[in-house]
S.K.: 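Quick one: the structure is below, and I'll ask about it shortly.
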Amino acid sequence: MTDSVHRSDTSAEQRMPEWDGDHVHRAATVVTETDGELLGVDPADLPDDDLIRELQSLHRTRLDTLRHAADSALANHLRRTAELETEYLARHPGREVDPHRLRDA
């Protein structure tokens with residue numbers, strides 16, 4: 001493989017300068033504006049239906065973004081996904097876990 005396709009000497013986090021390795025834990029403190037550009041509605045301000053709709057949209061576009069988007073777009077996608085998923089988990093800490101999704105020990 002060529003160097004541009006596969007770089008085993010560096011991790012994904014090292015190849016992605018916007019990735020800090022702690023994006024999930026910092027999601028609630030992310031600034032929502034950069035250079036006057038709105039990066040999205042604060043997830044805490046979204047009603048449950050809108051939060052779910054936003055999550056569905058992000059997950060639907062995930063692979064395309066990962067494979068074909070610019071680094072800045074991928075970084076924004078990662079940030080926004082972390083923000084929304086963190087909010088969902090905060091609202092639903094006792095969410096129902098499907099027993100069919102559990103691995104046998």
Side-chain angles (χ1 to χ4, degrees):
M1 275 190 205
T2 66
D3 185 48
S4 64
V5 174
H6 181 70
R7 292 180 227 152
S8 61
D9 57 328
T10 59
S11 70
E13 293 86 354
Q14 291 169 323
R15 291 191 307 269
M16 182 86 188
E18 293 88 351
W19 180 283
D20 67 3
D22 197 25
H23 64 286
V24 173
H25 297 96
R26 290 185 331 98
T29 63
V30 173
V31 176
T32 57
E33 287 192 28
T34 303
D35 298 330
E37 180 183 347
L38 185 62
L39 297 178
V41 175
D42 183 346
D45 294 338
L46 293 171
D48 281 345
D49 289 347
D50 290 341
L51 179 64
I52 296 297
R53 182 181 45 77
E54 290 291 319
L55 282 165
Q56 287 173 331
S57 176
L58 282 169
H59 285 271
R60 187 177 58 252
T61 60
R62 177 72 182 138
L63 183 58
D64 189 55
T65 303
L66 177 64
R67 293 185 65 207
H68 305 293
D71 287 349
S72 60
L74 179 57
N76 189 51
H77 199 278
L78 291 168
R79 178 198 55 78
R80 187 63 174 164
T81 300
E83 288 177 352
L84 294 168
E85 288 180 350
T86 299
E87 179 63 25
Y88 179 86
L89 292 172
R91 291 183 193 186
H92 304 281
R95 72 195 200 296
E96 184 178 332
V97 176
D98 181 351
H100 294 100
R101 303 278 318 226
L102 300 175
R103 295 184 179 173
D104 293 330

S.K.: Just how far is it from atom NE2 of His68 to atom OG1 of Thr61, taken to the nearest 0.5 Å?
M.R.: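 Spacing of NE2 (His68) from OG1 (Thr61) equals 12.0 Å.
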S.K.: Please report the shortest heavy-atom distance between Arg91 and Ala44, naming the atom on each side.
M.R.: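 Looking at all heavy atoms of both residues, the shortest contact is NH2-O, 3.7 Å.
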S.K.: How long is the gap from CD1 on Ile52 to CG on Leu46, to the nearest 0.5 Å?
M.R.: 10.5 Å
S.K.: Going from CG on Leu51 to CD on Gln56, what distance comes out if it is rounded to the nearest 0.5 angstrom?
M.R.: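 If I round to the nearest 0.5 Å, the distance is 10.0 Å.
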S.K.: To the nearest 0.5 angstrom, please state how far the CG atom of Leu84 sits from the CG atom of Leu89.
M.R.: 11.0 Å
S.K.: How long is the gap from CZ on Arg80 to CD on Glu85, to the nearest 0.5 Å?
M.R.: 11.5 Å
S.K.: More than 12 heavy atoms of other residues, nucleotides or ligands under 6.0 Å from CG of Asp48: is that the case?
M.R.: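 Yes - once you tally the heavy atoms of other residues, nucleotides and ligands closer than 6.0 Å, there are more than 12.
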S.K.: Can you tell me how far apart NE2 (His59) and NE2 (His77) are? Round to the nearest 0.5 Å.
M.R.: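 The NE2 atom of His59 sits 8.0 Å away from the NE2 atom of His77.
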S.K.: Counting N and O atoms only, with roles assigned by atom type, does the side chain of Ser57 sit under 3.5 Å from a partner on the main chain of Arg53, one being a donor and the other an acceptor?
M.R.: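 Checking the backbone N and O of Arg53 against the side chain of Ser57, no donor-acceptor pair under 3.5 Å is found.
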